[in-house]
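To find a chain, count down the sequence lines: A is the first, B the second, and so on, and within it residues start at 1. What you see is a predicted model, and the numbers here were worked out from it, not measured in a lab.
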Amino acid sequence: MLLIDVVRVSEAVTRTSARLGKIGHLAELLGRVGAGEAEIAIAYLSGELPQRQIGVGWRSLQDLPQPKLAATATLTEVDELLSTIKAVSGQGSQAARKALVSRLFAGLTRQEQAFMLRLLGGELRQGALDGVMIEAVAKASGAPSADVRRALTLRGWLPAVGAAALTGGVPALRAFRLEVGRAVSPMLAGSAPNVVTALAKAGAPASLEWKLDGIRVQVHRSGGEVKVFTRTLDDITGRLPELVEAVLELPSDDLVLDGEVIALRPDGRPHPFQVTASRASSKVDVARLREQTPLSVFFFDLLRVDGADLLDLPYSDRQEALGRAVPPGLLTPRLVTDEVAQAEKFFTDVVRAGHEGLVVKSLSSPYAAGRRGAGWVKVKPRHTLDLVVLAAEWGHGRRQGKLSNLHLGARDPEGGGFVMLGKTFKGLTDELLAWQTERFLELAEGPADELTVRVRPELVVEIAFDGVQRSPRYPGGMALRFARVLRYRPDKRAEDADTMETVRSLML
DNA sequence: TTCCGACAGTGGGGTCGCAAT
DNA sequence: ATTGCGACCCCACTATCGGAA
């Protein structure tokens, strides 16, 4: 199949707003792609590469060669070139990589180049990713989408699942099994503003569990071999030797566990997330690092033990099995209750202990990939500050032409000005975007560039955030974590905004 | 007919490893 | 030694579609 066939379908998908219409376009193409190229087509049309990543980002895609006039590139040819680029990137030479990228784009028409640019940049923006592609695979193969989802949970990679469905139908999908040593798509959590709402979503009684601010890990053990995967299924076994050792000490030698690693201080309270992240992403001199900053692991789910797959069991059964397989010291603290007062106290306690909050889990739900639905619901406390808008950046995509991303500052009584604490684009409705664009242009002052409009510091906005962290980037040495807009405060003037002193008091 | 679950899009701060400067 | 880039940790929120109620 030619690349241009895929590009045309992607364009049709982009033009179609109805989801069923998008699915129709995708399924039509999947119906005519050859077995040898199905995996490539599915990957491209859900915004992925069969190679996952190839070491090429937006910067390596500047000044590309002139396009060709005739579209002749096949999917297989493009795929082979991308594999070559990945191999060269792994070996280091940026010049060689650049030459290969040029060769790839020199073989494409203008239309194909535009598609490839978005695909490699990781921003396909056609309104269809995995969720829509699952339905398209189901439609094209005649299999129920539940079978496709189930296979995706077990296999963790939709292009492989989709290709199997197209050639082998339902039997091929049902042939996927949990394989120890191969990562499963992780189950994710939705969120709720408070414990009561979370309990209502998950259904009482529910399991309430400490939400630790660390790194999600999926751990596989087969005999004496252990593998550790992240949420995006990267293998990070080599960075976490203490986790490997802990799992090797468990009585069972056939396990798939789900949990969180986190750096704790000697008194048991958590280090800031940055400390855990730094430790978990370091590959060099791990032996020394683990002495300085040991990581602890806390498991909360068990997907397999001693030859038995547990994914389809209700959560309460998996918990029971987990309790038998893992000693109490490696278990995430939890409480099963249907009483709001008890639940609220548990929440207060975990926050007082310095942790992030709770995950409230339905006792009956099986383990299912993706689906940030009602099965698991997270609850975290929320801080707010009244800050001043210092500037705004022009948005992209559906926010094109709107001033979107706000630069936020706290008042600095000593210096007499405002100190920037970060940016946010979250929480804005279309109406608010329109309003603030107009208002900011009225308040515009100082040097502007193509990206940013500076404004007189007069508008006060109420910002919600999860915490204050140490920042190497911002002038005050502090930045807000997960900042989002709650509302503008027309009743407040800049002189009434919160101060740096207040922000400092929130940083632990 | 209305409601609500699932999805995609729009970007945020921080860290490491590596190549080029 | 420093800088820029790519990849990947953590992530919240709104608009929209279409099936459920």
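Nucleic acid contact for A:I54: sugar-phosphate only, since backbone atoms but no base atoms lie under 4.0 Å from a heavy atom of the residue. Here A:A483 lies out of heavy-atom contact (under 4.0 Å) with every strand. Among the atoms of the strands shown, none is found under 4.0 Å from any heavy atom of A:K98. Backbone-only engagement by A:A128 is indicated by non-hydrogen atom pairs under 4.0 Å involving sugar-phosphate atoms exclusively. At the heavy-atom level, A:S404 lies under 4.0 Å from the strands shown only through sugar-phosphate atoms. Nucleic acid contact for A:S17: sugar-phosphate only, since backbone atoms but no base atoms lie under 4.0 Å from a heavy atom of the residue. Here A:V485 lies out of heavy-atom contact (under 4.0 Å) with every strand.
Each of A:K211 and A:D234 lies near DNA chain C, and the nucleotide nearest A:D234 is the one positioned closer to the 5' end. In terms of position on DNA chain C, the residue among A:A18 and A:R398 whose nearest nucleotide sits closer to the 5' end is A:R398.
Look at CD on A:Q51: it is 16 Å from C1' on C:dA7, rounded to the nearest Å. Rounded to a whole Å, the CG atom of A:L188 is 12 Å from the C1' atom of C:dC11. Rounded to whole angstrom, the span from the CG atom of A:D430 across to the C1' atom of C:dC13 amounts to 12 Å. For the pair A:L129 CG and C:dT16 P, the computed distance is 18 Å after rounding to whole Å. For the pair A:R59 CZ and B:dA19 C1', the computed distance is 14 Å after rounding to whole Å.
Side-chain nitrogen and oxygen atoms of A:T230 include at least one within less than 4.0 Å of the OP1 or OP2 phosphate oxygen of C:dC9. Within the 4.0 Å cut-off from OP1 or OP2 of C:dC9, at least one side-chain nitrogen or oxygen of A:T232 is found. In terms of phosphate contacts, A:R231 brings a side-chain nitrogen or oxygen within less than 4.0 Å of OP1 or OP2 of C:dC10. Regarding contacts with the backbone of B:dA8, every side-chain N or O of A:K22 stays at 4.0 angstrom or more from both OP1 and OP2. For B:dC7, the OP1/OP2 oxygens have a side-chain nitrogen or oxygen of A:R149 closer than 4.0 Å. Considering only side-chain N and O atoms, A:S60 lies under 4.0 angstrom from the phosphate OP1 or OP2 of C:dG6. Not one side-chain nitrogen or oxygen of A:H396 sits closer than 4.0 Å to the OP1 or OP2 atom of B:dG9. Listed pair A:R484 / C:dC13 meets the phosphate criterion, a side-chain N or O lying under 4.0 Å from OP1 or OP2. Distances shown here put every side-chain N or O of A:W58 at or beyond 4.0 Å from the OP1 or OP2 atom of C:dC5. Within the 4.0 Å cut-off from OP1 or OP2 of C:dG6, not a single side-chain nitrogen or oxygen of A:Q53 is found.
No more than 12 heavy atoms of other residues, nucleotides or ligands lie within 6.0 Å of CD in A:E438, so this atom counts as exposed by the packing criterion.
Rounded to the nearest 0.5 Å, atoms NE2 (A:H220) and CG (A:D235) are 9.5 Å apart.
A side chain to side chain donor-acceptor pair (under 3.5 Å) with A:Y367 is found for exactly one of A:D301, A:T153, A:D258, A:D312, namely A:D258.
Here the nucleotide nearest the side chain of A:R399, chosen from B:dT10, C:dG19, C:dC11, is B:dT10. Of the candidates B:dA8, C:dA15, C:dC10, the closest approach to any side-chain atom of A:I215 belongs to C:dC10.
Defined by atom type and a distance below 3.5 Å, a donor-acceptor pair is present between the side-chain atoms of A:S404 and A:R399. Defined by atom type and a distance below 3.5 Å, a donor-acceptor pair is missing between the side-chain atoms of A:E209 and A:T332. A donor and an acceptor atom, one from each side chain of A:R216 and A:T230, are nowhere located under 3.5 Å apart.
C:dC8 is paired with B:dG14 under the criterion used here, namely a Watson-Crick or G-U wobble arrangement in which both key atom distances are under 3.5 Å.
In this structure, A:W210 and A:H355 have tilted ring planes: the angle between them lies in the 30° to 60° band.
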statement: In B/S/- notation (B base, S sugar-phosphate only, - none; protein heavy atoms under 4.0 Å), nucleotides 12-18 of chain B written 5' to 3' is BSSSSS-
task: Apply salt bridge (charged side-chain N to carboxylate O under 4.0 Å, His left out) to A:R288 and A:D285, showing your working.
output: CA-CA 6 Å; A:R288 191 176 54 82; A:D285 211 1; 2.7 Å; yes
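Minimum heavy-atom separation, A:K201 to A:S191: NZ-O, 3.1 Å.
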